[in-house]
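Start at 1 and go down the list; that is how both ligands and their atoms are numbered.
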Amino acid sequence: MLFIYLLSGIVLPFSFAAPSLDARQDDLSSFIAVEQPIALAGALANIGGLSSTWVEGASPGMVVASPSTVNPNYFYSWTRDSALTYAMIIDELILGNTSLRKTIEDYTHAQAVLQTIANPSGSLWPYGNGLGEPKFYTNITTFTGAWGRPQRDGPALRAIAFMNLAPVLFNLDETDTFLEIYWPLILNDLNYVGQYWNETGFDLWEEVQGSSFFTISVQHRALVQGALLSQQLNTTCAACDQAPQILCFLQNNFWNAADGFLIADINTDIDRSGINADPILASIHVFDADASCDAGDYQPCNSQMLATHKTLVDSFRKLNWPVNQNASTTDAILIGRYPEDVYFDGGAWPLCTLALAEMLYDAVAQINRTGTLNVNDINLGFFRGVSPDVAVGTYTGDAMSAILINVTTYADGFVSAVQAHLPTNGSISEQFDHNTGESTSASKLTWSFASFVTMARRRAGQFPPSWGAGSSQGTTNLTADQCQSSSYDATGQYLPAIAAGAPCLSEVLFTINATTTFGQEVYVVGNVTQLGGVLGDAASVVVHLDAANYTASRPEWFVDTMMPAGEVVAYQYVLLTGGEWVFDSQVRSVVVPGCGSGGVVTTNDAVDFS
Ligand SMILES: *[C@@H]1O[C@H](CO)[C@@H](O)[C@H](O)[C@H]1NC(C)=O
Ligand SMILES: *[C@@H]1O[C@H](CO)[C@@H](O)[C@H](O)[C@H]1NC(C)=O
Ligand SMILES: *[C@@H]1O[C@H](CO)[C@@H](O)[C@H](O)[C@H]1NC(C)=O
Ligand SMILES: *[C@@H]1O[C@H](CO)[C@@H](O)[C@H](O)[C@H]1NC(C)=O
Ligand SMILES: *[C@@H]1O[C@H](CO)[C@@H](O)[C@H](O)[C@H]1NC(C)=O
Ligand SMILES: *[C@@H]1O[C@H](CO)[C@@H](O)[C@H](O)[C@H]1NC(C)=O
Ligand SMILES: *[C@@H]1O[C@H](CO)[C@@H](O)[C@H](O)[C@H]1NC(C)=O
Ligand SMILES: *[C@@H]1O[C@H](CO)[C@@H](O)[C@H](O)[C@H]1NC(C)=O
Ligand SMILES: *[C@@H]1O[C@H](CO)[C@@H](O)[C@H](O)[C@H]1NC(C)=O
Ligand SMILES: *[C@@H]1O[C@H](CO)[C@@H](O)[C@H](O)[C@H]1NC(C)=O
Ligand SMILES: *[C@@H]1O[C@H](CO)[C@@H](O)[C@H](O)[C@H]1NC(C)=O
Ligand SMILES: CC(=O)N[C@H]1CO[C@H](CO)[C@@H](O)[C@@H]1O
């Protein structure tokens, strides 16, 4: 892949607001000036293939969540954390750090391969459901242990990260290259979003199965950005037509008007308040400096989002954590993920606390750009917290600026709260103990580092290019009675992104006659990643056969797969019966059709498991 080497000091138009606030918080500004490069270096040190690495053994471009291997073991690569980290790195590239081009290329290659690996969520071909797998080993192999899967934010976030690269290549007149290398990779993920957005999955904290505000928000952004990008590329994204339905779902189900907050998870029976940092994180990852505050998607300056900010912070005030003991009832404090959290004793999370700051820097920029602050019944509580005399009404000019300055001061307070508990070397763990403030849970968390870098950029008035939140595609909102259950059926359209580094795959249809009894299931395992990797190994068994065509006269199980073109693949059928794996003694082999031949091989086997 030569394309990226053509980059030569290109700097795209990030907007640079004039932060008149710098003078006010000199101490914090100098802390950030020291910490920001430490945070960037920390994130990069957790990525395979770079020189100063903490993560020996990770493949190039694979983001390790944390080098911690015990209590907790985070030495894995999550699709979500990786995409959020590379979104930050791509921002840094756009801001002019061209030295990051090599690692972005590594990430591209690793994800193209990863998309093709069979895993417990499924496979790429033909249903795309394998794209929802949340985590992998850092050597680009499948993790088959029990986990909260699928997680449907991952494909959306990965598509967004790669789509954010488009303006860089367009500026270099490399549109054709983008279309050839990136678009197939992106389209798989957009197809996944269009096909599965209306099904539940696990949330970003990997605990709740339902519909998460964060997931739905980033899915909406991905499809809007995809629709606009497909137009620029003169191609199509049929799955992107789902965007208005996703927005309809988001707008009509998550607002708790009585208590004034956006609910984190619906379509679940989990017994919690629903108050959570999830929507705050959503807002910063769909942020578009050019969008208006009440356009319908939930931008940082959206009234309901500001109300959620207040409700969330207040819910943590009520916990009276010792780490927050010196804060007044209106000061910024440290927060965790949600008030009921017990993981690692429910500590304070730097990345959630920094997101509170980042959201407000974004909101101030958006409000300031429009020149008008509309205080309404919904956001009044938030604004009163920073400016006690504010009333419902419209503020402009100096009156508006005075309020926005207080919002910014408040935002700075969250960063100061994190600063107060950082170790002197600037390393950021997943949590701070809420009693002692000591760093706890996973050390050197990649996502924590990335969250510091993006916060610092936004505070400095450096915003990514618009992704189209304010476009007609982004704001198409339907009325509540127009919301429908829907999906785009992309079955059979999920294809390996070969130009980006995925292996060339061809179709093999496994069909066997195997008489089974009720409750038994049939699987196939083979010596390629698309079939789990290791013969005779229960931990490698992920490819499940379908009994939809099973009849007494023809006891057929089948699965349609894609495997490395032209190779000889050894495979073995496996019966799951009463929780036990029974491997067929016979190892068979199949010759996969050649690359691009369009051929399909059907195995036509028979197994007697009795
Ligand atoms: C709002 O924008 C103006 C003009 O760009 C700038 O001078 C001012 O500092 C901004 N105010 C805030 C509170 O960001
Ligand atoms: C640019 O990225 C490199 C890693 O490739 C990093 O070491 C360096 O600190 C970054 N420069 C800036 C100004 O952030
Ligand atoms: C990949 O890493 C896992 C976990 O460390 C290990 O069990 C497995 O053997 C590795 N696979 C390969 C092909 O290196
Ligand atoms: C599917 O969409 C409908 C219509 O918006 C909504 O009522 C339902 O809760 C959604 N279900 C899931 C699981 O997303
Ligand atoms: C798309 O089509 C338009 C009109 O034909 C043309 O001007 C433009 O260059 C095309 N863009 C790409 C990426 O091919
Ligand atoms: C609160 O302030 C007291 C007195 O300045 C100080 O000793 C204590 O460490 C502070 N607590 C925290 C959690 O910052
Ligand atoms: C901003 O905050 C200060 C200090 O809390 C307060 O005195 C002032 O009235 C606030 N400004 C506005 C416009 O409310
Ligand atoms: C920074 O200091 C902390 C606490 O002393 C330690 O646990 C951590 O490993 C250090 N991080 C680095 C990158 O040296
Ligand atoms: C299963 O049955 C359907 C419907 O009759 C048919 O179209 C399909 O080809 C069959 N698949 C296999 C693998 O036999
Ligand atoms: C899988 O097994 C077949 C048959 O033994 C062999 O030809 C092929 O090289 C093996 N593939 C890999 C990736 O080991
Ligand atoms: C599978 O069963 C069908 C129907 O009985 C039969 O026609 C076919 O030959 C069998 N296939 C094998 C490989 O035994
Ligand atoms: C909920 C919401 O944002 N509704 C908007 C949908 O679009 C119309 C027309 O653009 C707006 O007037 C609504 O406020």
Taking the six-membered ring for Trp, are the ring centroids of [X] and [Y] within less than 6.0 Å of each other?
{"X": "W349", "Y": "W205", "result": "yes"}
{"X": "Y573", "Y": "F583", "result": "no"}
{"X": "F452", "Y": "F31", "result": "yes"}
{"X": "F213", "Y": "Y298", "result": "yes"}
{"X": "H309", "Y": "F414", "result": "yes"}
{"X": "F287", "Y": "F463", "result": "yes"}

I'd like the atom pairs linking ligand 7 to the protein - N or O on both sides, separation under 3.5 Å - with distances to 0.1 Å.
residue  : atom   : partner : partner atom : Å
ligand 7 : 2 (O)  : N406    : OD1          : 3.3
ligand 7 : 2 (O)  : N406    : ND2          : 2.3
ligand 7 : 11 (N) : N406    : ND2          : 2.9
ligand 7 : 14 (O) : S387    : OG           : 3.0

Within a strict 4.5 Å, meaning less than it, do heavy atoms of the D546 and W557 side chains meet?
no
Side chain proximity check, D297 to T475, heavy atoms < 4.5 angstrom:
no
How long is the span from the OH atom in Y395 to the OG1 atom in T372, to the nearest 0.5 Å?
13.0 Å
For ligand 11, indicate whether the residue I512 contacts it via side chain, backbone, both or neither (heavy-atom separation under 4.0 Å).
neither
For S553, which part has a heavy atom under 4.0 Å from ligand 11: side chain, backbone, both, or neither?
backbone
With sequence neighbours excluded, what pairs up with E207 under the salt bridge (Lys or Arg N to Asp or Glu O under 4.0 Å) test?
R272, R337
Do ligand 6 and N326 have nitrogen or oxygen atoms that lie under 3.5 Å from each other?
yes
Any N or O of N513 closer than 3.5 Å to N or O of ligand 11:
yes
Is there any N or O on N604 that sits under 3.5 Å from an N or O of ligand 11?
no
Residue Q325 vicinity, atoms of ligand 6 by number, heavy atom under 4.0 Å:
11 (N), 13 (C)
Mark up the atoms of ligand 11 that fall under 4.0 Å of a heavy atom belonging to R554, in ascending order.
1 (C), 2 (O), 3 (C), 4 (C)
Would you mind listing which atoms of ligand 11 come within a distance below 4.0 Å of any non-hydrogen atom of D605?
13 (C)
Of the side chain and backbone of N324, name the one, both, or neither that has a heavy atom under 4.0 Å from an atom of ligand 6.
neither
Does some non-hydrogen atom of P322 fall short of 4.0 Å from ligand 6?
yes
Side-chain donor-acceptor pair present, D81, T446, cut-off under 3.5 Å
no
